[in-house]
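The block underneath contains the structure these notes are about, expressed in structure tokens.
Values in this document were obtained by computation on a predicted structure and should not be read as measured data.
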Amino acid sequence: MVRTPLTPEERERGERLGLLLRSARGERSMVEIAAAAGLSAETLRKIETGRAPTPAFFTVAALARVLGLSMDELVVLCTPAPAPAPAATPVPALAPTPAPV
């Protein structure tokens with residue numbers, strides 16, 4: 001099975017998720033949090049470092065529960081800001097057409 005390459009937005013969202021989880025973990029060890037969530041420390045490390053930018057829903061839900069985060073918070077904080085809309089190119093005004101004589 002060939003996996004579709006991730007978009008830049010998916011990668012950014014994964015990086016944001018990793019940073020948020022790492023921050024929420026604080027001084028607690030990776031092993032402690034991973035065990036409480038039912039994951040391996042290696043899986044948590046990959047998520048926190050962005051090497052696993054699209055973890056399974058239930059993995060994220062388990063980590064959120066252990067870290068005291070709501071899934072709503074995660075969605076809001078991990079969603080990249082929309083790219084600014086391209087500037088509209090001004091359309092030159094047409095010269096008035098002379099009236100027929």
Side-chain angles (χ1 to χ4, degrees):
M1 179 170 107
V2 177
R3 189 167 189 175
T4 305
L6 298 175
T7 65
E9 292 81 16
E10 290 169 325
R11 288 192 181 283
E12 182 181 347
R13 188 171 46 242
E15 289 170 7
R16 287 174 178 249
L17 174 63
L19 290 171
L20 179 62
L21 294 175
R22 174 63 191 99
S23 175
R25 183 164 58 86
E27 296 298 316
R28 295 177 284 181
S29 77
M30 194 176 281
V31 172
E32 173 190 346
I33 298 301
L39 316 171
S40 70
E42 178 65 12
T43 297
L44 179 54
R45 185 183 67 73
K46 286 180 181 179
I47 295 168
E48 285 186 357
T49 59
R51 286 191 50 226
T54 58
F57 172 82
F58 290 105
T59 299
V60 176
L63 287 167
R65 178 185 49 81
V66 169
L67 295 170
L69 300 169
S70 78
M71 294 297 283
D72 290 333
E73 280 180 292
L74 291 177
V75 168
V76 170
L77 296 172
C78 293
T79 302
T89 305
V91 177
L94 298 175
T97 308
V101 182

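Listed by chain and number, the residues in a side chain to side chain contact (heavy atoms under 4.5 Å, CB included) with Glu15 amount to none (sequence neighbours excluded). For Arg16, the salt bridge (Lys or Arg N to Asp or Glu O under 4.0 Å) partners two or more places apart in sequence, or in a different chain, are Glu12. Pro55 pairs by the side chain to side chain contact (heavy atoms under 4.5 Å, CB included) definition with Leu17, Ile47, Thr59, Val60, not counting sequence neighbours.
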Run the side-chain donor-acceptor check on residues 72-80: report pairs under 3.5 Å with partners two or more places apart or on a different chain.
unit_1	atom_1	unit_2	atom_2	d
Glu73	OE1	Ser70	N	2.9
Thr79	OG1	Val75	O	2.5

Would you give me the side-chain donor-acceptor pairs under 3.5 Å for residues 33-46, sequence neighbours excluded?
unit_1	atom_1	unit_2	atom_2	d
Ser40	OG	Thr43	N	3.0
Ser40	OG	Thr43	OG1	2.9
Glu42	OE1	Arg45	NE	3.1
Glu42	OE1	Arg45	NH2	3.2
Glu42	OE2	Arg45	NH2	2.5

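Cluster annotation: Met30 is connected to Leu20 through the hydrophobic network of ILVMFWY side chains, with a link wherever side-chain heavy atoms come within less than 4.5 Å.
Residue pairs meeting the side-chain hydrogen bond (donor to acceptor under 3.5 Å, both in side chains) criterion with at least one partner in residues 20-31, sequence neighbours excluded, are Arg25-Glu48.
Judged by distance alone, the side chains of Arg11 and Thr54 never bring a donor and an acceptor atom under 3.5 Å apart.
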